[in-house]
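See below for the structure under consideration.
Count residues from 1 along the sequence.
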Amino acid sequence: MSDLTVSYQYTREDIMNFVLDTFSFEKVRCTLFLIFNIATFIIGVVFFCMHNIPLGCLFVAFSIMVFPLILFLTYITVRNSLRALSSVVCTLKDDGVNFISNFGDTLIPFKDINDIKVTEALIFIYISKNSALVVPKRAFKDTTKAIDFAARLVDRFNKSKVIVN
């Protein structure tokens, strides 16, 4: 396999896609959060039915406002952490994925990659359960190059997980 290199800087759109896609990947947390929101909403409705309007308004407003607030706070956190990165160069090599940024040069062997997720806009390379390196598809010259990069990445990742007897 020949080297495949892409260079990019994170944009506001990348950060938003990262936040929304991360929430969609973490199904357990989102499911529990939705159950909490629905329960809070139902408690508010119960208070309305009991003619306790102030508490009903409080619970309903809380259930409606918390999810967008959590998304916004996550966006701010991600934006602040990615603000320190200048340009990033990602190279797909025979032995792993190489990331070069102002933080240094890091080669991540395929066997050390935890998981790979591909969305419409981003490629997530999970190096642990909660930590991912993100490659935006918009960094490629065209869609076919992004698809080729993702396909090669997934193929090499899958081959590294096969145990040879």
**Message:** One pair to check against side chain to side chain contact (heavy atoms under 4.5 Å, CB included): Leu92 and Phe110. What are the steps and the verdict?
**Reply:** CA-CA 10 Å; Leu92 190 59; Phe110 289 109; 3.6 Å; yes
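- Applying the side-chain hydrogen bond (donor to acceptor under 3.5 Å, both in side chains) test to residues at least two apart or on different chains, none of the pairs has a partner in residues 42-67.
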**Item:** side chain to side chain contact (heavy atoms under 4.5 Å, CB included) evaluation trace for Ile127 with Asp112
**Value:** CA-CA 7 Å; Ile127 54 176; Asp112 292 345; over 6 Å; no
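- For the ring-ring contact (aromatic ring centres under 6.0 Å, His included) test, residues two or more places apart in sequence or in another chain that qualify with Phe47 are Phe59.
- When all heavy atoms are compared, the tightest approach of Val60 to Val45 is CG2-N, 4.2 Å.
- Under the side-chain contact (heavy atoms from CB on, under 4.5 Å) criterion, Phe36 pairs with Thr40, Phe62, sequence neighbours left out.
- Ala132 pairs by the side-chain contact (heavy atoms from CB on, under 4.5 Å) definition with Phe124, Tyr126, not counting sequence neighbours.
- Leu69 pairs by the side-chain contact (heavy atoms from CB on, under 4.5 Å) definition with Leu73, not counting sequence neighbours.
- When the side chain to side chain donor-acceptor pair (under 3.5 Å) test is applied to Asn114, no partner is found at least two apart in sequence or on another chain.
- Listed by chain and number, the residues in a ring-ring contact (aromatic ring centres under 6.0 Å, His included) with Phe157 amount to none (sequence neighbours excluded).
- With Val134 as reference, Leu122 is the one residue of Val88, Ile123, Leu122, Thr119 to meet the side-chain contact (heavy atoms from CB on, under 4.5 Å) rule.
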**Item:** side chain to side chain contact (heavy atoms under 4.5 Å, CB included) between Ile125 and Phe99, intermediate numbers included
**Value:** CA-CA 11 Å; Ile125 304 169; Phe99 282 89; 3.9 Å; yes
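- For Asn98, the side chain to side chain donor-acceptor pair (under 3.5 Å) partners two or more places apart in sequence, or in a different chain, are Asp105.
- Every residue meeting the salt bridge (Lys or Arg N to Asp or Glu O under 4.0 Å) condition with Asp155, not counting sequence neighbours, appears here in chain and number order: Lys159.
- Listed by first then second residue, pairs satisfying salt bridge (Lys or Arg N to Asp or Glu O under 4.0 Å) with a partner in residues 139-148 read Asp148-Arg152, not counting sequence neighbours.
- Side-chain contacts under 4.5 Å among hydrophobic residues (ILVMFWY), followed directly or transitively, place Ile100 together with Val89.
- Using a distance-only test at 3.5 Å, with no hydrogens or angles considered, a donor-acceptor pair links the side chain of Arg156 to the main chain of Asp94.
- Lys111 contributes atom NZ, which lies 9.0 Å from atom OG of Ser160 (distance to the nearest 0.5 angstrom).
- No single ILVMFWY cluster, assembled from side-chain heavy atoms under 4.5 Å apart, contains both Met65 and Leu58.
- Hydrophobic clustering keeps Phe41 apart from Ile43 (ILVMFWY residues linked when any side-chain heavy atoms are closer than 4.5 Å, directly or through intermediates).
- In terms of the side-chain contact (heavy atoms from CB on, under 4.5 Å) criterion, residue partners of Val6 (sequence neighbours excluded) are, by chain and number, Tyr8, Cys90, Val135, Ala139, Phe140.
- Heavy atoms only, all atoms of each residue included: Glu120 and Lys137 are closest at O-CD, 3.4 Å.
- Both Val154 and Val97 belong to a common hydrophobic cluster when Ile, Leu, Val, Met, Phe, Trp and Tyr are linked at side-chain heavy-atom distances under 4.5 angstrom.
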